[in-house]
Asks: 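Before anything else, here's the structure in question.
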Amino acid sequence: MIEIVQADITTLNVDAIVNAANSTLGGGGGVDGAIHRAAGPALAEAAVPLGPCPTGDAVITPGFRLHCRFVIHAVGPVWSGGKRGEEDLLRRAYERSFQLAKEEGTIRSIAFPAISTGVYRFPKPRAAEIGIGAMRAYEADFDRIVACLFDEESALLYADLMSSLR
Ligand code: AR6
């Protein structure tokens, strides 16, 4: 089941949340900053030695002080016009996150932010299509997949797209 919610991803009760990280895995602004603040310094201590993480790839760590048991740190592309493989890299970031969640073996619910659509400036409508496409491809492997949007514009975009697909 795919759910669309407008929320701070650090408040969700799911097995794993996905972070929109950068290659260093050491934290940053936006959703990355919120996740590191909520999880505590142990998150960076666990994640940084797994890096640097290439764009389009992901790593998994415990969730530490978060409600979730795991954080999957996905590195989406910086948008630079669309001719540098950004769409493919964003798709791979989602797919790698799902693969790591499946391999972990006990993750039944997973929440994603709109990777790359903040500081990395990926156009929101196209990012939503790519995100929902990946979620539908892995829908059968999980009990709950949550698309967690922070702003109303993104939440409405996802809701419209989902209803046009059903
Ligand atoms: N919960 C859910 N979504 C959020 C939250 C939150 N607490 N806070 C922001 N968003 P961004 P990026 C949304 O910039 O574009 C960091 O510095 C936000 O509205 O967090 O992938 C990293 O370290 C937007 O729709 O990530 C990297 O350097 C979406 O999350 C860089 O930013 C993604 O925005 C990654 O940039």
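Atoms within a ligand are numbered from 1 in the order they appear, just like the ligands themselves. Being a predicted model, the structure only gives us computed values, none of them experimental.
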Asks: Answer yes when R69 and D15 have at least one side-chain N-carboxylate O distance shorter than 4.0 Å, and no when they do not.
Replies: yes
Asks: Is there a side chain to side chain donor-acceptor pair (under 3.5 Å) between E104 and T106 once you walk through the steps?
Replies: CA-CA 6 Å; E104 194 284 327; T106 68; 2.8 Å; yes
Asks: Any nitrogen or oxygen of L149, side chain or backbone, less than 3.5 Å from one on ligand 1?
Replies: no
Asks: Taking only heavy atoms of A34 into account, list the atoms of ligand 1 that are under 4.0 Å away from them.
Replies: 7 (N)
Asks: State yes or no: do I130 and I145 share one hydrophobic cluster built from I, L, V, M, F, W and Y residues joined by side-chain heavy-atom distances below 4.5 Å, directly or via other members?
Replies: yes
Asks: Does ligand 1 have any atom that is closer than 4.0 Å to a heavy atom of A114?
Replies: yes
Asks: S154 and D151: side chain to side chain donor-acceptor pair (under 3.5 Å), yes or no, with the steps?
Replies: CA-CA 6 Å; S154 297; D151 57 289; 3.0 Å; yes
Asks: Classify the ring geometry of F98 against F142: parallel below 30°, tilted from 30° to 60°, perpendicular beyond 60°.
Replies: tilted
Asks: Just verifying a value: how many Å separate Y158 OH and I4 CD1, rounded to the nearest 0.5 Å?
Replies: 8.5 Å
Asks: May I ask whether S154 places a heavy atom under 4.0 Å from ligand 1?
Replies: no
Asks: Out of Y120, F112, W79, F150, whose heavy atom is nearest to atom 28 (O) of ligand 1?
Replies: Y120
Asks: Is a salt bridge present between D32 and R37, judged by a nitrogen-to-oxygen distance below 4.0 Å?
Replies: no
Asks: Evaluate side chain to side chain donor-acceptor pair (under 3.5 Å) for H73 paired with T61, printing each intermediate quantity in order.
Replies: CA-CA 8 Å; H73 308 255; T61 67; 3.0 Å; yes
Asks: When you check the gap from the basic side-chain N to the acidic O, do R126 and E129 get nearer than 4.0 Å?
Replies: yes
Asks: So which protein heavy atom does atom 7 (N) of ligand 1 come closest to, and at what separation?
Replies: D8 OD1, 3.0 Å
Asks: Which residue and atom name correspond to the protein heavy atom nearest atom 1 (N) of ligand 1, and how close is it?
Replies: I9 N, 3.0 Å
Asks: Is atom CZ of R108 surrounded by more than 12 heavy atoms (other residues, nucleotides or ligands) closer than 6.0 Å?
Replies: yes
Asks: Return the closest protein heavy atom for atom 21 (O) of ligand 1 as residue, atom name and distance.
Replies: S116 N, 2.8 Å
Asks: On a heavy-atom basis, I'd like to know which of G30, G29, A20, A111 is closest to atom 17 (O) of ligand 1.
Replies: G29
Asks: Considering only heavy atoms, does D151 approach ligand 1 within less than 4.0 Å through its side chain, its backbone, both, or neither?
Replies: side chain
Asks: Look at atom 14 (O) of ligand 1 and say which protein heavy atom is nearest, naming residue and atom and giving the distance to 0.1 Å.
Replies: V119 N, 2.9 Å
Asks: So is A7 touching ligand 1 or not, going by heavy atoms under 4.0 Å?
Replies: yes
Asks: Nearest protein heavy atom to atom 24 (C) of ligand 1, by residue and atom, and its distance?
Replies: T117 OG1, 3.5 Å
Asks: Going by the atom numbers of ligand 1, which of them fall below 4.0 Å from some non-hydrogen atom of G28?
Replies: 17 (O), 23 (O)
Asks: Got the closest protein heavy atom to atom 20 (O) of ligand 1, with its distance?
Replies: V31 N, 2.8 Å
Asks: Tell me: protein heavy atom nearest atom 15 (O) of ligand 1, and distance?
Replies: G118 N, 2.8 Å
Asks: Which heavy atom in R144 sits nearest to a heavy atom in N13, and how many Å separate them?
Replies: NH1-O, 3.3 Å
Asks: I'd like to check whether A21 has a polar contact with ligand 1, where a contact means an N/O of the residue lying under 3.5 Å from an N/O of the ligand.
Replies: no
Asks: Could you identify the single nearest non-hydrogen protein atom to atom 22 (C) of ligand 1 and state the distance to 0.1 Å?
Replies: D32 OD2, 3.5 Å
Asks: Taking side chain to side chain contact (heavy atoms under 4.5 Å, CB included) as the criterion, tell me which of T55, I115, N22 meets it with Y120.
Replies: N22
Asks: N/O of K124 under 3.5 Å from N/O of ligand 1, yes or no?
Replies: no
